[in-house]
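Below is one structure; the comments refer to it alone.
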There are 2 protein chains.
Amino acid sequence: MQRVSDTSRSPGYDPAPTNSRALIVDSIRSAGTVSRVELTQITGLTAPSVTTLVRRLIDDGLVDEAGRGSSTGGKPRTMLRIRAAARYVVGVHLSADSLTYVLVDYAGAVVARWRRAGPGDDSDPEQVVERIAAETTELIERSGIDASLVLGLGFVCPGPLIRNRGVTSAPPSMTRWVGFPIHRRLEERLGLPALLENDATAAAAGTRLTTSHDVSVMAALFMSEGIGSGLRLNGNVYQGAHGNAGEVGHICVQIGGPQCWCGSTGCLEAIAGPATVVAKARAAGLDLGSPRRTGVAAFAAIARLALTGDSRAEAILRDSASWLALGAQTITNMYDVQLLVLTGPAFAVAGTIYLPVIQERILSSSFGRAVNTEVVLDERGHDAAAIGAALMMLRSERAISA
Amino acid sequence: MQRVSDTSRSPGYDPAPTNSRALIVDSIRSAGTVSRVELTQITGLTAPSVTTLVRRLIDDGLVDEAGRGSSTGGKPRTMLRIRAAARYVVGVHLSADSLTYVLVDYAGAVVARWRRAGPGDDSDPEQVVERIAAETTELIERSGIDASLVLGLGFVCPGPLIRNRGVTSAPPSMTRWVGFPIHRRLEERLGLPALLENDATAAAAGTRLTTSHDVSVMAALFMSEGIGSGLRLNGNVYQGAHGNAGEVGHICVQIGGPQCWCGSTGCLEAIAGPATVVAKARAAGLDLGSPRRTGVAAFAAIARLALTGDSRAEAILRDSASWLALGAQTITNMYDVQLLVLTGPAFAVAGTIYLPVIQERILSSSFGRAVNTEVVLDERGHDAAAIGAALMMLRSERAISA
DNA sequence: CCACTATATTCACAGACCTAACAAACTCAG
DNA sequence: CTGAGTTTGTTAGGTCTGTGAATATAGTGG
C-alpha cells in the first residue's frame, strides 16, 4: 500500500520547477560544482536525462565542465559548474536615502556593486527612472561586460506594491511613488525585462544559505527604513495574492500603540522601527552627526555609539530588539521555517545587538517543537535586497530558456 | 520581448499540479459542472488533451457527462461532473471534548456526519485508535456504501505536530498524545491510507469558497479549543517545514502577558482563547450549565447567553474578539490573502459576535492596499476541520490515479 | 435546407523522460 | 602489468504526454 502521508519533506505546497532545464541550472548554481550523478540525486531525474540536459546547457554555453572529482573506486566524476560569464543580471534597491546597484553573473556571484546617495525625499519618479537607467548603463559599461549578455533587471523598493502595477502605498518620504509602474518604465527605457519586488521578499531570495543542513523553508527578517519579511520555499519566494506577503512591520504588537504612517496603530514598525529608534535617540540627546542625517545613516550612527560603549544607545537598540523579537516569533509561528535570517541595511550595522535578543525569544517560545528554528545574521545584509532582486531575475524562465 | 513580470496572478510560489489528470479532476470538482472547453481555459491544456484525459476519467467511472449547456450559436457544451459515488473518503476531527466524523463523496460533498462526545481528558491513545477505527467502520456501514470505495482517512487534531511522526506537543488535556503516531496506527488498524494534519490547516482546505470572484489565496482563522490558522493556495495548503505553519494562537500580542501552556507568554490563545473566555465567564459568575462542562461546550453556553442579551457574556466575547482581530490582522499581513474565513466550532457558535469586530480591524489596518481582504464566516464551521481532512485525502495522488 | 458558429474529436508528430544495455575511466589484487 | 570490479556517464529504443491541423458534431439563424 502506498502511503499518502509519505509525501514528506515538502512544505505542503511544492514549487517544483516544472522545467527540468531550469531545475538543472538551479541545482548547479546552488551547489557550486556538482557531477552529473549528484544531479540525478538532487533533481530526481534519471542519468540519461541529466546527460542530455547538461549537454544542451554546455552547447548553449551556460554550463562548463570543471575538471574531475577524485575517484571513489570507479570512474571519477566530471564536475560541472555554471559558466559565470554566460549572462548577467542587474539588481537595484531603492530606498529613500540610498540607491544600491549590483551586477550579478550567471553563477549568482556579485561582480560589481555600487551604492549611491538616494534620490532624496519625494523626488519625481520619472527623473528617478532616468537616473536609474543611466546609472545601470554606466554600471554595465564600467564592468566591461558585453551589454547584450544582460538578461534583465530586478528592482526592489520598500512599501506595499501591487505586483505588476507598482507601489500602492509608501512611507511619507516617498508619497509620489504611489501608483507609479516603475518596472514598466524601466523596461521601456532600458529595453530589458524588469521585475518589481518588495525589498524584504527580495532579500529572502538574496540570502546565501551557509548552514550545514538542507534548508528548504526559510524566511528573512528585513530591516531597512522599515521592517518587512520574506518567505522562501525551495528557492522560490512566496509573494501572496498581491505581492505583499510578509509585512511583519505592520502587525500590531501593542493594543492602543502609537499611530503608524500606514494608517493603523501599534505596528511593530511604528514602535521599534529605525525611524522610531532614531527619533528616540535624538530625544535622548544622542549625537548622530549632522542633524540632517536621516534613515539608515542615522540609525547606523546609533549602532556605532552602542558598539563603542554608549549605554543609552545600547538601551534604545535593545528595546527595539525586544520588539523585533516578537516579529521574529510571529514569523516562525506563521511560516514554520527552518531558518530565519536577519538582513537588510539596519541589521548590517546593528545585527550583533539584535541577534542574541531575537535568538533568546525564539528559543523560549519554541512551542515544544522538536526542531528549533535557527536564527542567523546575513553577512551581506547591506546588499541583500538588490542581490535578491537580481537572483529572482536570474531564476526567471527567461534567464534559462536562452 | 517577453516580459518576465507578466507571470502574474500566481502567489509567486505556484503549486501547479504536475499531474494533468489530477488537475482535471480538481477543476471539475471545484467547478461543479463544466464543459471541456471551459476546462481548456481553466487548466491551460489544449482541447485534444482535455478530450483524452476526460475520456479516460469517464472510462474509469470517475467522471460523468451531465447533459448539455445551452448553445451560444454553435454546438452546445457537453457538461461534465464528478461521479459522486465513485469513491469516498473519511475525515475525522479529534478534539478534547468531541470527535467528529464525516464521510465525503468523490465530488467533495458530505454524505454523512457523526459527532460524538470526545474520548475525555487524557485517555489512552491506543484505546482511542480502537474507538476511531470501530466508529469509522460503523459510519461506513451505516451509510450503505461499498467499503472498498473508501480511499482513505484524513485525521486532524489540535496542537503542533511533526508531519508523519505525530503530535509533538499538546494542551494540558491531551498530554498522552505527545509523540503518538496516530495516523500510522489508524492505517494499520483500518488498512487504509491515513494522513495527519493540524486542525486549522485542514479547516483551510475544508472551507467552501462562496465568493463571487476567483480566490486563489485564502486563509482560515480557526477556533476550537485553541486558535490556529491555515493558508490555502490554489487549493493546496501550506504546511511549513514541520507541518506547523499558521500557529497564530501562539504569537505574542502582549509583552509580559499571561503564561501560556505552550511555554511562552502573552500568546493570543492564552489571552483570548476559548479556555480563557470560559474561565473569565466563570469568574464573572455566569451560569454555563453543569460546572463539568468544558471546552467548546462551555464556550457555546457563553455565546448563547450573549446572543440572548446577557451583556456580561457579550462584553467578554467582544474583548476576546478584539484580540482575535489582531490575529486576523497578522494573518493578512503575513499571508496577503484575498479572503479570510472564520471557522471551527467556536466561530460556529459565536461567529456573529466576532465577525464584525474582526472585519472592522481588517478594514482599518488595510495598509493602503488597493484590494481589501474580505472576511467571512464559514457556515460549516463545526465540521470544517473534518471536512478539510477528508478533502485533503481526496486531493492526494492516491485518490486520482485509481 | 444551407451557411455559420461553437464544441469536440481524430490523427500524426514532437519532445520529455524512462529502461536497458553499453562505454569509459578509474582502483586494486595478484 | 593486467584484468576484474566499481563507479560514472552515454547511447539506443520505447512510452507517454500534449500539441497543431484538420475534421466531425450539433446547434442557430436566414
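Below, chain A is the first sequence line, B the second, and so on; all start at residue 1.
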Quiz item: Taking only residues at least two apart or on different chains, which pairs with a member in residues 34-48 of chain B satisfy salt bridge (Lys or Arg N to Asp or Glu O under 4.0 Å)?
Solution: B/Arg36-B/Glu65, B/Glu38-B/Arg77

Quiz item: Please give, in whole Å, the distance from D/dT17 C1' to B/Arg55 CZ?
Solution: 14 Å

Practice problem: Name the closest nucleotide to the B/Arg56 side chain, picking from C/dT10, D/dT8, D/dT17. | Solution: D/dT17

Quiz item: Whole Å only: how far is the CD atom of B/Glu65 from the P atom of C/dT7?
Solution: 15 Å

Quiz prompt | Side chain A/Asp60, main chain A/Leu62, donor-acceptor under 3.5 Å | solution = no

Quiz item: Reckon B/Ser49 touches a base, only the sugar-phosphate, or nothing at all at heavy-atom distances under 4.0 Å?
Solution: base

Quiz prompt | Residue list, side chain to side chain donor-acceptor pair (under 3.5 Å) with A/Ser49, at least two apart or on another chain | solution = A/Thr46

Quiz item: Within a reach of under 6.0 Å around CZ of B/Arg380, are more than 12 heavy atoms found that belong to other residues, nucleotides or ligands?
Solution: yes

Self-check item: Length of the line joining A/Leu45:CG and C/dG15:P, which is rounded to integer Å
Solution: 19 Å

Every protein N/O within reach of nucleotides 21-25 of chain C N/O, cut-off under 3.5 Å:
from: C/dA25; atom 1: N3; to: A/Lys75; atom 2: N; distance (Å): 3.3

Practice problem: Please check the phosphate of D/dG20 (OP1 and OP2 only) for any side-chain N or O of B/Thr46 closer than 4.0 Å. | Solution: no

Quiz item: Is B/Glu374 reaching over with its side chain to a backbone N or O of B/Leu339, donor-acceptor style, under 3.5 angstrom?
Solution: no

Quiz item: Does any non-hydrogen side-chain atom of A/Met392 lie less than 4.5 Å from one of A/Val156?
Solution: no

Quiz item: Does anything in residues 30-42 of chain B reach DNA chain D, meaning a heavy atom under 4.0 Å, and if so which residues?
Solution: none

Practice problem: Determine which pairs satisfy salt bridge (Lys or Arg N to Asp or Glu O under 4.0 Å) with at least one residue from residues 232-244 of chain B, sequence neighbours left out, and list them in order. | Solution: none

Self-check item: Test salt bridge (Lys or Arg N to Asp or Glu O under 4.0 Å) applied to A/Asp64 - qualifying residues, sequence neighbours left out
Solution: A/Arg83

Self-check item: For atom CG of A/Leu80 and atom C1' of D/dT8, their distance in whole Å
Solution: 12 Å

Practice problem: Without swapping roles, check the side chain of A/Tyr238 against the backbone of B/Tyr335 for a donor-acceptor pair under 3.5 Å. | Solution: yes

Practice problem: Whole angstrom is fine here: how far is it from CZ in B/Arg77 over to P in C/dA6? | Solution: 10 Å

Quiz prompt | Integer-rounded Å distance: C/dA8 P and B/Leu57 CG | solution = 15 Å

Practice problem: Describe the nucleic acid contact of B/Thr78 in one word from base, sugar-phosphate, nothing, applying a heavy-atom distance below 4.0 Å. | Solution: sugar-phosphate

